Amino acid sequence: MGQIRDLSQGNLDKIWDAIRRLQYATNQNAMAIGRGGLNVYGGGGIVIENGGLYVTGSATISGLLEASGTINMTGTFTATGTVRLSGQTDVWGPLIVTGDTDLDGTTSVTGNFTVTGPTALNGVTTIAGNVTSTGDFIINGPTDLNGPTDITGDTTVTGDFTVTGPMKTTGTLSVEGVTTLKNDLNVTTGKVKAGGVTIDPGFLSGSVRFANGTYLAASPNGAQLTSAFGGAVTIGNNQADLTGGGNSFIVNGVGFYINGSLPETTEPGNLYISPGGRLYKSTA
């Protein structure tokens with residue numbers, strides 16, 4: 001049986017309902033864009049007020065990217081061009097830089113700072129913590145070290161090395177060139193050796209010892225010059241026996257000698273040697 005339509009009843013209310021749904025509809029909910037993509041042109045833009053932008057794939061930005069808020073990145077950040085950071089930059093994790101890096105402002109590093117390649121510091125650099133260098137560490141300009149400095153490896157200084165404060169070395173100090181000391185050299189313990197000559201503050205009251213065992217030392221009676229193994233002590237020319245020439249006083253195990261020729265005189269003698277071996281000046 002067919003339906004009889006009552007033409008006396010209008011359908012404007014349904015039309016108005018459809019218009020209202022279109023007016024307040026959010027037809028972009030659960031919207032999918034295919035290969036054609038989304039194109040915003042004519043100075044338009046995309047504004048996200050209360051939601052967020054989630055990109056699970058790649059994002060390519062060929063123009064200017066401005067971010068005025070906090071940027072959190074949990075993955076790898078790779079920049080193949082120039083990266084300029086004009087404000088304060090805090091890096092909490094490892095930072096790996098494989099290219100040239102210019103730091104024009106103040107840079108503070110509170111953790112480990114590891115450099116595996118050449119590093120050039122052309123400005124004033126202040127390091128308040130420990131510095132460990134396992135390779136070559138080359139400094140071509142003036143360097144001020146104001147704190148404790150431990151150097152465990154080989155160090156080469158080709159320019160002036162000026163130390164204004166106390167300098168302490170607990171190991172061996174080797175100097176191959178000429179050394180100039182413009183002030184006192186204080187040796188509190190140990191000895192000073194120059195070839196076969198040794199200055200020994202601990203032997204007697206201080207002594208100068210030679211390679212053959214002869215030494216000059218301080219004694220209660222004054223200076224003491226002692227030869228090694230009972231050998232001769234010579235004062236004057238270097239003649240250690242009575243057969244050589246020259247003029248000298250010789251003291252050995254046999255006695256005391258005047259070596260060489262003496263000037264002659266007709267004056268009476270004025271020296272007297274006692275039986276005990278003492279030498280006196282005669283007043284007669």
Side-chain angles (χ1 to χ4, degrees), residues 95 97 100-103 106-238 240:
L95 177 63
V97 180
D100 296 336
T101 303
D102 295 330
L103 302 176
T106 302
T107 303
S108 299
V109 179
T110 56
N112 295 331
F113 184 69
T114 303
V115 180
T116 57
T119 302
L121 304 175
N122 297 321
V124 178
T125 303
T126 302
I127 301 175
N130 297 329
V131 178
T132 302
S133 176
T134 57
D136 294 338
F137 186 68
I138 301 174
I139 302 175
N140 296 321
T143 304
D144 295 331
L145 303 175
N146 297 320
T149 303
D150 296 329
I151 301 176
T152 57
D154 296 336
T155 302
T156 302
V157 180
T158 56
D160 293 337
F161 184 69
T162 303
V163 179
T164 58
M167 180 179 177
K168 179 180 179 181
T169 173
T170 58
T172 302
L173 177 63
S174 177
V175 180
E176 297 181 359
V178 178
T179 302
T180 301
L181 301 176
K182 296 184 178 180
N183 211 321
D184 296 339
L185 174 63
N186 297 323
V187 180
T188 57
T189 58
K191 307 175 183 64
V192 178
K193 295 185 178 181
V197 181
T198 301
I199 301 176
D200 189 354
F203 183 71
L204 296 178
S205 297
S207 65
V208 178
R209 309 181 71 172
F210 302 93
N212 63 353
T214 303
Y215 62 87
L216 174 64
S219 68
N221 296 324
Q224 173 181 332
L225 179 60
T226 304
S227 178
F229 310 109
V233 174
T234 304
I235 301 176
N237 292 348
N238 57 344

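Quick caveat: nothing in here was measured; it's all calculated off a predicted structure. Scope of the values below: all heavy atoms of this structure, side chains included, with no hydrogens, waters or symmetry mates.
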Participant: In this structure, which one of T164, V163, T169 forms a side chain to side chain contact (heavy atoms under 4.5 Å, CB included) with M167?
Facilitator: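 Passing option: V163.
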Participant: With sequence neighbours excluded, tell me which residues meet ring pair (Phe, Tyr, Trp, His ring centres under 6.0 Å) with F210.
Facilitator: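 With sequence neighbours excluded, F210 shows a ring pair (Phe, Tyr, Trp, His ring centres under 6.0 Å) to no residue whatsoever.
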Participant: For G190 and P201, which heavy atoms make the closest approach, and how far apart are they?
Facilitator: O-CD, 3.2 Å
Participant: side-chain hydrogen bond (donor to acceptor under 3.5 Å, both in side chains) with T214: which residues, sequence neighbours excluded?
Facilitator: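 Testing T214 for side-chain hydrogen bond (donor to acceptor under 3.5 Å, both in side chains), a comparison that skips the adjacent residues, returns N212.
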